Amino acid sequence: MDLSTASLIDRAGLDRTKVAHHLGRGLEGADDGELFLEYRQAEVLVFDNGRLKQATYDTAQGFGLRAVKDEAVGYAHASDLSEDALARAADAVRAVKGGYKGNYAEAPGRTNRKLYSDDNPLGEPAFEAKVKLLEQLDAYARAKDPRVRQVSASIAATWQVVEILRADGQTYRDVRPLVRLNVSVVAGEGDRQESGGHGFGGREGYARFIETGSWQGAVDEAVRQALVNLEAVPAPAGEMDVVLGSGWPGVMLHEAVGHGLEGDFNRKKTSAFAGLMGQRVASKGVTVVDDGTIASRRGSLSIDDEGTPTNRTVLIEDGILVGYMQDRQNARLMGMKPTGNGRRESHAHVPMPRMTNTYMLAGQHDPKEILASVKNGLYAVNFGGGQVDITSGKYVFQCTEAYKIENGKVTAPVKGAMLIGNGPTDLHRISMIGNDFALDPGIGTCGKNGQGVPVGVGQPSLRMDRITVGGTG
């Protein structure tokens, strides 16, 4: 049976009439809800220090049945796609009591566009070819520079088929490929060792990833970062002007600002942005959007996990807060429209408002002009991990590649730099926006309430004034 076209109900051998009966019984008296069916294949190959360290393949399937009654949610899930399991799930979600409004919510529209292929990336190339690719990658990295001491590389792919059935008879379907390649290296000189890493990915097959120029480019970047860090001096500390690079540094925007613009945090008034709709929350020129409609991007979806078509949602426009990211439940409770941001990690998780590809639009300044405007500061090019408190907006981010700016010129690389601040406050500290907008290479995964989903970030170069830098020097 061709799963790219066949129904998951038919694959499981279920009777459609009986499925509809259990769905209707479970959602009787509900404001909204759905039956979410999922089939997923996944593989991961890890090559570490000259040998294949891990090769895993996994197949999973299951369903989640959700009944939404005002603010209450009943949810039952199982990996057993059977009539008995559906019947037990219907009994469970019926038990949830809530304020039924009298009308089952209107079904999502069907304005979505196909943003990626149905092809299963796990099929080609063959397993042996993927191992050979990792062997070549390892050898190429070691030949780049004699200071390269360790190399770790991985390729991973998933192929997910989802079907969403509603009690009103509407059905939605999506087939989602996802591939990612990562490489990390450790370079050493004497007793000192430093690391660097790079990766890229998207909703596509393996074709782009096995092109020599593509994977060699990833290795080149990882080695470059490691060698730069070998020369790094201790980072300065204190309040200073900071220039953020374009592309992946948008992860700071994602964490420090994006999560605070998700509907559930604002409905519950636990976000630092709650109650500020229509007010200035950033400097003029700052426009932030969440766009799940970019073809083949890691964070894109043709439909979200409730069946709503994804959108290009403007969140902040020229510094004014104009929108939130919404799933169906929070949008209804807030009197707003769903934006196609209802996402879940798998059938075992309830959907919630989540980002797709979140980024800041370009401005007018040449990046060289931005750097030249800073007398003494920090140029942050790449980021690692970070922590954010949604309620207060406070954040801490680790820079994995950063440089001193001295008299308008980029000078010595530094290690140990941490950016410390408050997202809502620091949006007002953006004084220059570059014309070099870029999206990240396709490596982001976002965590929220224990669920991880693939996302994208992006931004142009930015100057931020008077940011606290934690350093080691």
Side-chain angles (χ1 to χ4, degrees), residues 40-60 116-117 119-160 176-188 193-230 247-248 296-299 382-385 400-401 439-445 452-456:
R40 181 194 300 259
Q41 295 177 347
E43 70 174 4
V44 179
L45 280 74
V46 179
F47 203 83
D48 189 47
N49 281 327
R51 63 187 180 86
L52 186 65
K53 184 178 181 180
Q54 176 185 341
T56 60
Y57 174 83
D58 180 59
T59 301
Y116 30 79
S117 167
D119 294 342
N120 187 342
L122 279 71
E124 294 182 0
F127 176 81
E128 294 77 11
K130 294 168 185 172
V131 175
K132 184 178 180 181
L133 168 65
L134 292 173
E135 289 175 342
Q136 291 176 310
L137 193 153
D138 179 271
Y140 178 76
R142 295 179 186 280
K144 283 287 295 181
D145 194 283
R147 290 171 289 181
V148 173
R149 294 180 177 177
Q150 295 180 35
V151 180
S152 179
S154 66
I155 50 177
T158 61
W159 188 71
Q160 181 193 36
R176 303 167 176 171
L178 192 66
V179 175
R180 173 175 165 171
L181 181 148
N182 269 80
V183 56
S184 61
V185 301
V186 175
Q193 294 191 145
E194 298 291 347
S195 62
H198 190 67
F200 64 105
R203 291 200 178 278
E204 55 191 298
Y206 273 114
R208 180 165 67 100
F209 299 81
I210 61 178
E211 291 175 358
T212 302
S214 294
W215 63 259
Q216 285 186 351
V219 173
D220 291 346
E221 176 61 16
V223 172
R224 183 197 67 79
Q225 283 187 31
L227 296 180
V228 164
N229 287 331
L230 263 186
W248 176 245
S296 301
R297 292 296 305 183
R298 180 174 171 84
N382 273 301
F383 286 96
T400 55
E401 182 184 357
L439 290 167
D440 79 285
I443 57 172
T445 297
V453 296
V455 296

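Computed from a predicted model, the values in this text were never measured in an experiment.
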Looking at residues at least two apart in the chain, or sitting in another chain, which of them share a side chain to side chain donor-acceptor pair (under 3.5 Å) with [X]?
X: Gln225; answer: Glu221
X: Arg142; answer: Asn49, Asp138
X: Gln136; answer: none
X: Asn382; answer: Glu401

[X]: side-chain contact (heavy atoms from CB on, under 4.5 Å) partners, not counting sequence neighbours:
X: Gln160; answer: Glu38, Arg40, Val162, Arg176
X: Gln54; answer: Val44, Val46, Thr56
X: Ser296; answer: none

Can you find a pair of side-chain heavy atoms, one from [X] and one from [Y], that are under 4.5 Å apart?
X: Leu133; Y: Trp215; answer: yes
X: Phe127; Y: Leu45; answer: yes
X: Val179; Y: Phe209; answer: yes
X: Leu227; Y: Leu230; answer: yes
X: Arg298; Y: Arg180; answer: yes

Check: Any idea which heavy atoms bring Leu181 and Ala218 closest together, and the distance?
Finding: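 Minimum heavy-atom contact is CD2-CB, 4.2 Å.
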Margin query: Quick one: does any side-chain atom of Asn182 pair with a main-chain N or O of Ser154 as donor and acceptor, under 3.5 Å?
Written below: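 No.
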Margin query: Given 3.5 Å as the limit, does a donor-acceptor pair link the side chain of Trp159 with the main chain of Pro121, or not?
Written below: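 No; judged by distance alone, with no hydrogens or angles, the pair does not exist.
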Which donor-acceptor pairs under 3.5 Å do side chains of residues 199-207 form with protein atoms, sequence neighbours excluded?
unit_1: Arg203; atom_1: NE; unit_2: Ser300; atom_2: O; d: 2.7
unit_1: Arg203; atom_1: NH1; unit_2: Pro177; atom_2: O; d: 3.2
unit_1: Glu204; atom_1: OE1; unit_2: Arg208; atom_2: NE; d: 3.1
unit_1: Glu204; atom_1: OE2; unit_2: Arg208; atom_2: NE; d: 3.3
unit_1: Glu204; atom_1: OE2; unit_2: Arg208; atom_2: NH2; d: 2.6
unit_1: Tyr206; atom_1: OH; unit_2: Glu43; atom_2: OE2; d: 2.8

Margin query: Holding to salt bridge (Lys or Arg N to Asp or Glu O under 4.0 Å), I want the full list of residues that pass it with Lys53, two or more places apart in sequence or in another chain.
Written below: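 For Lys53 the salt bridge (Lys or Arg N to Asp or Glu O under 4.0 Å) partners, ignoring immediate neighbours, are Asp48.
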Next item on the list: State which residues pass salt bridge (Lys or Arg N to Asp or Glu O under 4.0 Å) with Arg297; sequence neighbours excluded, sorted by chain then number.
Entry: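 Residues passing salt bridge (Lys or Arg N to Asp or Glu O under 4.0 Å) with Arg297: Asp440.
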Note to self: Just verifying a value: how many Å separate Leu178 CG and Tyr116 OH, rounded to the nearest 0.5 Å?
What the structure shows: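 Rounded to the nearest 0.5 Å, the CG-OH separation comes to 10.0 Å.
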Checklist line | Value rounded to 0.5 Å, distance of NZ in Lys132 from CG in Leu137 | finding: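 If I round to the nearest 0.5 Å, the distance is 14.0 Å.
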List the atom pairs, donor and acceptor, that lie under 3.5 Å between side-chain atoms in residues 143-151 and the rest of the protein, sequence neighbours left out.
unit_1: Lys144; atom_1: NZ; unit_2: Asp220; atom_2: OD1; d: 3.1
unit_1: Asp145; atom_1: OD1; unit_2: Arg147; atom_2: N; d: 2.8
unit_1: Asp145; atom_1: OD1; unit_2: Arg147; atom_2: NE; d: 2.9
unit_1: Asp145; atom_1: OD2; unit_2: Arg147; atom_2: NH2; d: 3.1
unit_1: Arg149; atom_1: NH1; unit_2: Gly190; atom_2: O; d: 3.4
unit_1: Arg149; atom_1: NH1; unit_2: Gln193; atom_2: OE1; d: 3.1
unit_1: Arg149; atom_1: NH2; unit_2: Gly190; atom_2: O; d: 2.8

